[in-house]
Amino acid sequence: MKKSVFAVALNHRSQTEHWNEAFHQSPYKTPPKTPVWFIKPRNTHRKMGDVISLPEQQQTFSGGTLAVVMGKVARKIRAADAEQYIAGYALANELSLAEESFYRPAIKAKCRDGFCPMGEMAGLKDVSALDIVTEVNGVVKQSWSTSELHRNAAELIAALSDFATLQAGDVILLGTPQQRIPVNAGDSVTIKAQGLPTLTNSFSDETNVKTQPDGHPTLFALGLNYADHATELDFNAPEEPLVFIKAPNTVTGDNCVSVRPDNLEYMHYEAELVVVIGKTARNVKRAEAFDYVAGYTVCNDYAVRDYLENYYRPNLRVKSRDTLTPLLAKITPREAIPDVQNLQLKTFVNGELTQSGSTRDMVFSVAFLIEYLSEFMTLQPGDMIATGTPKGLADVKPGDEVVVEVEGVGRLTNRIVSEKQFEENLK
Ligand SMILES: O=C(O)C[C@H](/C=C/C(=O)C(=O)O)C(=O)O
Ligand SMILES: [Mg+2]
């Protein structure tokens with residue numbers, strides 16, 4: 001099933017109580033106003049009974065939680081109507097390394113291979129006060145209740161479907177308490193709840209545990225991977241790649257429309273080179289990185305700056321909105337591009353050149369990014385890496401024609417429409 005697995009951080013009261021003081025200081029400044037979304041990509045997906053390989057020298061923690069499974073397409077629905085869109089519930093283990101910060105995306109902590117096993121789905125009428133129990137080697141280590149969550153399944157479905165259309169089979173993990181349970185090689189961890197199939201997985205320090213290509217390809221994106229763009233956003237260039245993930249709902253095609261939400265101050269374009277993975281990659285060194293590249297394409301990684309919050313920044317509500325990632329379907333084979341680090345990137349708005357840069361100015365190169373990501377997760381054929389945008393952002397308005405172009409790779413055209421225009425066309 002090609003599902004997307006969304007998850008929400010800081011949704012358990014014990015978390016916001018624990019972090020309350022820090023969230024009133026820099027870099028957060030104020031507690032989160034909207035759900036703090038993240039994605040568990042396909043390399044994390046596992047089933048009941050699968051053996052999960054643990055990362056070396058870093059402590060992994062269990063995160064028993066409840067997953068709500070969508071039963072049909074859900075777009076901009078109200079919490080009061082959510083029930084009719086739900087197929088059922090399942091137990092999941094949202095495995096993670098320790099999180100010292102919620103400011104930037106936690107890909108290295110959350111998205112390692114096997115870090116999201118999920119049990120079988122079942123129908124449940126009332127999950128408002130369901131006890132989620134975690135046992136390690138048969139001993140109960142944790143029990144928490146869904147009544148302790150800030151937002152319930154219906155509220156989360158409404159919040160997410162407001163900007164990201166959900167498909168049948170998509171999943172939302174509802175959250176985990178502040179206290180997490182350490183998991184070590186040789187352990188067997190069981191997640192239980194009344195009325196739901198149990199989820200049990202054993203853990204190994206063997207590195208040869210095979211991944212299963214399941215779910216849709218992962219679309220990674222880089223924040224601030226051009227120093228001049230970081231400067232124009234008043235940031236220093238990052239010392240480690242700022243990787244975030246976009247869900248399939250955001251992808252649209254050439255000559256399609258992109259929706260600018262109403263009542264906005266600032267929505268800008270971002271011309272980006274996209275790398276397409278062609279071979280399963282794990283622990284690949286940069287010297288061999290291009291052997292794992294199928295080719296390249298182009299995307300426009302639009303951002304709605306009004307919706308930026310300092311939690312897993314840039315948050316999904318900024319970067320994973322329906323229609324805001326136009327992506328060229330044509331892939332230019334790797335062999336056709338002799339030097340991917342020497343390509344011009346351009347954006348034209350209504351025919352005027354508004355952005356111009358070169359991939360030679362990337363902070364982290366294509367080869368480095370493949371080495372970096374494959375060091376802690378398995379990249380699979382079809383996965384894509386949008387490698388960031390150079391300086392030259394500008395606001396776009398309904399009616400604008402936006403063309404992004406990567407030398408030798410392709411040209412992508414789309415038109416901006418207002419939310420009102422888009423909704424009228426849907427009728
Ligand atoms: O200002 C933000 O938080 C958004 C920004 C995103 C940058 C890109 O998408 C890019 O540089 O291409 C960030 O992550 O800082
Ligand atoms: Mg970008």
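These numbers come from a predicted model, not from an experiment. We count ligands from 1, going down the list as the structure has it; atoms in each ligand are counted the same way.
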For this session: At a cut-off of 2.8 Å, list the protein N/O/S atoms near the Mg ion (ligand 2), residue plus atom name.
Result: Glu270 OE1, Glu272 OE2, Asp301 OD2
Exercise. Heavy atoms under 4.0 Å from ligand 1: which residues qualify?
Worked result: Arg104, Leu222, Gly223, Leu224, His229, Leu233, Phe235, Phe244, Glu270, Glu272, Asp301, Arg305, Leu308, Arg313, Pro314, Lys319, Gly388, Thr389
Exercise. What do you reckon, is CD of Glu21 surrounded by more than 12 foreign heavy atoms closer than 6.0 Å?
Worked result: no
Problem set entry | Glu240, CD: over 12 other non-hydrogen atoms inside 6.0 angstrom | yes
For this session: Might you confirm whether atom CZ of Arg415 has over 12 heavy atoms from other residues, nucleotides or ligands at distances under 6.0 Å?
Result: no
Exercise. For Lys397, does the NZ atom sit with more than 12 other heavy atoms under 6.0 Å from it, leaving out its own atoms?
Worked result: yes
Problem set entry | Basic-acidic side-chain contact under 4.0 Å: Asp170, Lys3 | no
Give the table of side-chain donor-acceptor pairs shorter than 3.5 Å for residues 401-409, with sequence neighbours excluded, one pair per line with atom names and distance.
{"residue": "Glu405", "atom": "OE1", "partner": "Arg411", "partner atom": "NH1", "Å": "2.5"}
{"residue": "Glu407", "atom": "OE1", "partner": "Gln344", "partner atom": "N", "Å": "2.7"}

Exercise. Hey, which of Phe38, Trp37, Tyr311, Trp19 is the one that makes ring pair (Phe, Tyr, Trp, His ring centres under 6.0 Å) with Phe102?
Worked result: Trp19
For this session: Would you tell me whether Tyr226 and Asp228 have side-chain atoms, one donor and one acceptor, within less than 3.5 Å of each other?
Result: no
Exercise. How would you list all residue pairs meeting side-chain hydrogen bond (donor to acceptor under 3.5 Å, both in side chains) that involve residues 361-371, not counting sequence neighbours?
Worked result: Arg286-Glu371
